[in-house]
S.K.: 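Before we start, here is the structure in question, set down as structure tokens.
Computed from a prediction, not measured in an experiment: that's the story for all the values here. Note on naming: letters A, B, ... go to the chains in the order of the sequence lines (proteins, then strands), and numbering restarts at 1 for each one. Any value given below was found using the heavy atoms of this structure, including those in side chains, with hydrogens, waters and symmetry copies removed.
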Protein chains: 2
Amino acid sequence: MAQSNPPFMSGVPELLLLRLLQQQEMYGYDLVRAIRRVTGEAISLGEGVIYPILHSLERNGSLKSKRKPVGGRTRVYYSLTRKGRDRLDQLQNDWRRIQGGITTALETPSNA
Amino acid sequence: MAQSNPPFMSGVPELLLLRLLQQQEMYGYDLVRAIRRVTGEAISLGEGVIYPILHSLERNGSLKSKRKPVGGRTRVYYSLTRKGRDRLDQLQNDWRRIQGGITTALETPSNA
DNA sequence: GCTATATACCTTGAACTACGAGGTATATTA
DNA sequence: TAATATACCTCGTAGTTCAAGGTATATAGC
């Protein structure tokens, strides 16, 4: 049936999201700016990336949400569940492995 | 018109390829195994990834190739051109930036 | 001699992610 | 009153990676 594993480097947007939400509850629009900020402008993910991930993480029980009316508008604040914390750990390990592998490859001296 | 930039983390397979070819000329089948090896098994890219990249890099002048018959079979050895070295530098910088951004995000203490 | 595995090249269709443009609505600033 | 910022969202598509195939020769095991 040709089912495919996720691409080896995916999961980074999800990782960043979960990491930020581990530190404090946040809402989508804010996460967009926070990701730019905490990565030193290196990574910029639009709302078209953020919102779908938030929704799917909530659907699978990694996040819980809470609506807060703030000055006429409504914000949807997300925070981690137990499952979300586990998922964060897993993604963090995955990332370290990938990152380490690439670093090794790049650091190997030309005359090896 | 909706023309899209490449995903922010793409270019890693290309980076690994160019990095290996900077060290020595290699052929496709060998690169597949080399990438697994130099990344400590963290990254495994199949031939379906490697060959198309080699072809497109050759087409755009980043690689040059040379066919060598070896014991009945033919190997296509690739090596970097000037343009390929420039491309490697650029991808290496891109990667360092991304990698640094993510590291910063992950290292920020929970009570920040 | 036969079969399976390894080498070596390649392409293709589907799966998946990320991008960008859009749409709604309220609040604030000019 | 008009433009910008906040805040939510979806959708089409572009670009990448994946897995599975196909061809062909060489080698190793039985």
S.K.: If you pin A:Pro6 and B:Val70 to their nearest nucleotides in DNA chain C, which one's is more 5'?
M.R.: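 Looking at DNA chain C, the more 5' nearest nucleotide goes with B:Val70.
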S.K.: Quick check: closest heavy atoms across A:Val76 and A:Ser65, and the distance to 0.1 Å?
M.R.: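 Closest pair (atom of A:Val76, atom of A:Ser65, distance): CG1-CB, 3.7 Å.
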S.K.: Give every pair of a protein N or O atom and an N or O atom of nucleotides 10-13 of chain C that lie under 3.5 Å apart, one pair per line with the distance.
M.R.:
from	atom 1	to	atom 2	distance (Å)
C:dC10	OP1	B:His55	NE2	3.4
C:dC10	OP2	B:His55	NE2	3.2
C:dC10	N4	B:Glu47	OE1	3.2
C:dT11	OP2	B:His55	ND1	3.4

S.K.: Output the distance between atom CD1 (A:Ile50) and atom CG (A:Asp30), rounded to the nearest 0.5 Å.
M.R.: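 The CG atom of A:Asp30 is 11.0 Å from CD1 of A:Ile50, to the nearest 0.5 Å.
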S.K.: Using atom CG of B:Asp30 as one end and atom C1' of C:dA8 as the other, report the distance to the nearest whole Å.
M.R.: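 Value for this atom pair: 10 Å.
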S.K.: How long is the line joining CG of A:Asp94 and P of C:dT17, in whole Å?
M.R.: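 The answer, rounded to whole Å, is 14 Å.
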S.K.: Where is the tightest heavy-atom contact between B:Lys64 and B:Thr81, given as atom of each residue plus distance?
M.R.: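 The pair with the smallest heavy-atom distance is N-CG2, 3.9 Å.
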S.K.: Between atom CD1 in A:Ile53 and atom P in C:dC16, what is the gap in whole Å?
M.R.: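 In whole Å, C:dC16 P lies 15 Å from A:Ile53 CD1.
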S.K.: Pick the closest DNA chain C nucleotide for A:Ser44 and for A:Arg73 by heavy atoms, then say which residue is nearer the 5' end.
M.R.: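 Comparing both residues, the 5'-ward one is A:Ser44.
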S.K.: Between A:Tyr27 and B:Gly46, just flag the one whose closest nucleotide in DNA chain D comes earlier from the 5' side.
M.R.: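 Final value for this comparison: A:Tyr27.
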S.K.: More than 12 foreign heavy atoms under 6.0 Å from NZ of A:Lys66: is that the case here?
M.R.: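 Not more than 12 within 6.0 Å, no.
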S.K.: Side-chain N or O of B:Asn5 versus OP1/OP2 of D:dG15: is the shortest distance under 4.0 Å?
M.R.: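 Checking D:dG15 against B:Asn5, no side-chain N or O comes under 4.0 Å of OP1 or OP2.
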S.K.: Rounded to the nearest Å, what distance is computed from the OH atom of residue A:Tyr77 to the C1' atom of nucleotide D:dA7?
M.R.: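 The answer, rounded to whole Å, is 11 Å.
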S.K.: How long is the gap from CG on B:Leu63 to OH on B:Tyr78, to the nearest 0.5 Å?
M.R.: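 The distance works out to 7.5 Å.
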S.K.: Touch check for A:Arg75, heavy atoms < 4.0 angstrom, all strands: base, sugar-phosphate only, or nothing?
M.R.: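 Counting heavy atoms under 4.0 Å across all strands, the contact made by A:Arg75 is with sugar-phosphate only.
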S.K.: How long is the line joining CZ of A:Phe8 and C1' of D:dG15, in whole Å?
M.R.: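 So the CZ-C1' distance, A:Phe8 to D:dG15, works out to 14 Å.
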S.K.: Between atom CD1 in A:Ile98 and atom C1' in D:dT17, what is the gap in whole Å?
M.R.: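 Atom CD1 in A:Ile98 sits about 13 Å away from atom C1' in D:dT17.
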S.K.: Regarding A:Arg19 and A:Gln22, do their side chains bring together a donor and an acceptor under 3.5 Å, going by distance alone?
M.R.: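 There is such a pair (donor and acceptor under 3.5 Å, judged by atom type) between the side chains of A:Arg19 and A:Gln22.
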S.K.: Tell me the interatomic distance from B:Ile43, atom CD1, to D:dC18, atom C1', rounded to whole angstroms.
M.R.: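 Roughly 15 Å, once rounded to whole Å.
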S.K.: Are side-chain heavy atoms of A:Leu21 and A:Leu88 found at a separation under 4.5 Å?
M.R.: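 A:Leu21 does not reach A:Leu88 side chain to side chain.
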S.K.: Please check the phosphate of D:dT6 (OP1 and OP2 only) for any side-chain N or O of A:Tyr29 closer than 4.0 Å.
M.R.: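 For D:dT6, OP1 or OP2 has a side-chain N or O of A:Tyr29 closer than 4.0 Å.
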S.K.: A:Lys68 NZ to C:dT26 C1': how many Å, rounded?
M.R.: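 It is 20 Å, rounded to the nearest whole Å.
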S.K.: If you look at every heavy atom in A:Gly40 and B:Arg97, which pair is closest and at what distance?
M.R.: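 So the two residues come closest at O-NH1, 4.1 Å.
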S.K.: I need the A:Ser44 OG to A:Arg33 CZ distance, nearest 0.5 Å.
M.R.: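 Interatomic distance, A:Ser44 OG to A:Arg33 CZ, rounded to 0.5 Å: 12.5 Å.
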S.K.: How large an angle, rounded to 10°, do the end axes of the helix from C:dG1-D:dC30 to C:dA30-D:dT1 enclose when each is built from five base pairs?
M.R.: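 End axes: 20° apart.
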S.K.: Within less than 4.0 Å of OP1 or OP2 of D:dA7, is there a side-chain N or O belonging to A:Arg33?
M.R.: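 Answer is yes, contact under 4.0 Å.
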S.K.: Identify the heavy atoms of B:Ala34 and B:Leu20 that sit nearest to each other, and give their distance.
M.R.: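 Minimum heavy-atom contact is CB-CD1, 3.9 Å.
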